[in-house]
Amino acid sequence: MVAIPTETVYGLAARADLAESVLKIFRAKGRPANDPLIVHIADIGELDGVASEVPPGAKALAEAFWPGPLTLVLPKRPCIPPETTSGLETVAVRMPSHPVARAVIRAAGVPLAAPSANPFGRTSPTCVAHLDPGMMAQVDGYVDGGPCEVGVESTIVGFFGGRPVLLRPGGLALEEIESVVGRVGLPEKKNAKIVAPGQMPSHYAPRTPLRLKGDPEAVEGPEAARLLFGGAAAPGECAGWRNLSPAGDPAEAARNLYRMMRELDAVGARVIVADLLPDEGLGRAVNDRLRRAAAH
Ligand code: AMP
Ligand code: MG
């Protein structure tokens, strides 16, 4: 079990085909058993080895965007144990673009499960300096691949009756996905628990309470830190501030998000008051993470 760089965030990687190795990941992260893992492959040809059925839309997306920050949820083959998928008959699969991630998967010779390398519910690491020491005490090692290029987790798309459904916004923009497969749906509320498990409302949180600008609890002032987006001007009196992207670029904001959340977590503020981005492109993923970080 090793922490490895991927283009999204650092992952805690172990064999996806062995229950005992997958259980080590759950233990090290303190991750609930009902939150399934993503299986990582090194080549598109390995997809048929883990998924029993690949609808045409899924194939088109894999061809267009792999390697990259896109995860596909498909019916699983028996070689993937129930521990990996939390008992579901589907498996989430991704082919990362990071050369180190792919080299490690190739060297292992089997697909690797690799959730974000952080204790469950906390901020994901985007460089090795952010790996949690307590968690790493249970891990065999890590590979330093420098800072992550994308900075937020993959976009997850499921296929239900052949139709694409957005299960989690992430590092690949919905607009790009829709340019290949047409309109992508959202999970129906009544089925959401089954088709999109592990989407915890509270997640990615710093220790300092984070509140979204406009929330009644988002009180600004000398004891509050500010996480801004766009506009180069410094805020008024505050405990510290960062700008996710002074130029207003959502991809830059995604790359900076977790590092800046950590930096503001360290200034000793009473609260971090965060701006939301426009809900388009990678702004959707950044907003999803900010909303979950603010959920309490
Ligand atoms: P991460 O923790 O970033 O590695 O992402 C794992 C997430 O992928 C889980 O929390 C689920 O939301 C999603 N996921 C994994 N497997 C499945 C599956 N079989 N069906 C639906 N969603 C899944
Ligand atoms: Mg995670």
Side-chain angles (χ1 to χ4, degrees), residues 1 3-14 16 22 25-26 28-41 47 50-55 58 69-78 80-96 98 101 111-126 130-132 135 148 150-160 163-172 184-188 191-206 254 257-258 261 285 288-289 292-293:
M1 178 168 61
I4 59 165
T6 83
E7 72 277 24
T8 58
V9 301
Y10 273 73
L12 190 55
V22 160
I25 295 179
F26 279 95
K29 283 181 57 79
R31 181 176 176 115
N34 64 359
D35 189 359
L37 304 180
I38 296 174
V39 172
H40 294 68
I41 58 176
L47 177 58
V50 293
S52 61
E53 203 189 304
V54 183
L70 170 70
T71 295
L72 300 171
V73 173
L74 301 166
K76 81 171 190 74
R77 284 204 188 274
I80 301 299
E83 285 77 4
T84 303
T85 63
S86 302
L88 295 169
E89 284 309 312
T90 52
V91 61
V93 193
R94 177 166 107 81
M95 174 176 163
H98 199 294
L112 300 180
S116 53
N118 55 292
F120 179 72
R122 312 251 57 118
T123 312
S124 306
T126 51
H130 294 167
L131 293 169
D132 180 79
M135 187 197 73
C148 299
V150 176
V152 293
E153 294 80 357
S154 59
T155 303
I156 306 181
V157 175
F159 285 83
F160 300 96
R163 297 181 153 266
V165 173
L166 179 71
L167 300 181
R168 174 177 77 184
L172 179 67
V184 173
L186 294 173
E188 282 174 43
N191 290 327
K193 274 240 153 55
I194 304 157
V195 301
Q199 297 290 308
M200 315 298 172
S202 168
H203 214 109
Y204 312 107
L257 177 67
Y258 291 138
M261 275 170 57
D288 172 75
R289 306 308 186 266
R292 289 182 207 268

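In each ligand, atom 1 is the first atom listed, and ligand 1 is the first ligand listed. Note that the structure is predicted; figures quoted are calculated from it, not measured.
- If you number the atoms of ligand 1 from 1 as listed, the ones under 4.0 Å from a heavy atom of Ile156 come out as 7 (C), 8 (O), 13 (C).
- Contact atoms of ligand 1 toward Leu88: 18 (C), 19 (N), 20 (N) (distance under 4.0 Å to a heavy atom of the residue).
- We find the CD1-OG1 distance between Ile38 and Thr71 to be 3.5 Å, quoted to the nearest 0.5 Å.
- In terms of polar-atom proximity, defined here as any N/O pair under 3.5 Å, Pro197 does make such a contact with ligand 1.
- When all heavy atoms are compared, the tightest approach of Phe26 to Ser86 is CZ-OG, 4.5 Å.
- The backbone N or O of Ser52 sits nowhere less than 3.5 Å from a side-chain atom of Lys76 that would complete a donor-acceptor pair.
- Nearest to atom 5 (O) of ligand 1 by heavy-atom distance, out of Lys76, Arg168, Gln199, Met200, is Arg168.
- For the atom pair Thr90 OG1 and Leu167 CG, the distance stands at 9.0 Å (nearest 0.5 Å).
- Residue Thr90 has at least one N or O atom closer than 3.5 Å to an N or O atom of ligand 1.
- Distance check: Ile25 CD1 to Met135 CE gives 10.5 Å after rounding to the nearest 0.5 Å.
- Of the protein's non-hydrogen atoms, the one nearest atom 2 (O) of ligand 1 is Arg31 NH1, 3.0 Å.
- Looking at atom 21 (C) of ligand 1, its nearest protein heavy atom turns out to be Val195 O, 3.2 Å.
- For the pair Leu47/Leu74, a side-chain contact is recorded, criterion being any heavy-atom separation below 4.5 Å from C-beta on.
- Residue contact annotation: Val73 has a non-hydrogen atom under 4.0 Å from ligand 1.
- Near Glu153, with a cut-off below 4.0 Å to any heavy atom, the atoms of ligand 1 are 3 (O).
- Annotation: atom 10 (O) of ligand 1 to nearest protein heavy atom, Asp35 OD1, 2.4 Å.
- Around the CZ atom of Arg163, the shell of radius 6.0 Å holds no more than 12 heavy atoms that belong to other residues, nucleotides or ligands.
- Within the protein, the N, O or S atoms sitting under 2.8 Å from the Mg ion (ligand 2) are Ser116 OG.
- For ligand 1, the atoms sitting less than 4.0 Å from at least one non-hydrogen atom of Ala92 are 15 (C), 16 (N), 17 (C), numbered in the order shown with element in parentheses.
- Considering both main-chain and side-chain atoms, Thr85 never comes within under 3.5 Å of ligand 1 through any nitrogen or oxygen pair.
- Side-chain atoms of Arg122 come within 3.5 Å of backbone atoms of Ala205 as a donor-acceptor pair (strictly under, hydrogens ignored).
- Every side chain to side chain contact (heavy atoms under 4.5 Å, CB included) that Val9 has, sequence neighbours left out, goes to Ser116, Ser124, Thr126, Glu153, Tyr258.
- Counting only distance, with no hydrogens or angles, the side chain of Thr8 and the backbone of Pro69 share no donor-acceptor pair below 3.5 Å.
- Going from atom CZ of Arg94 over to atom CG of Leu70 covers 8.5 Å, rounded to the nearest 0.5 Å.
- A donor-acceptor contact shorter than 3.5 Å links the side chain of Arg31 to the backbone of Pro36.
- Nearest to atom 14 (N) of ligand 1 by heavy atom, out of Pro36, Pro115, Pro32, Gly11, is Pro36.
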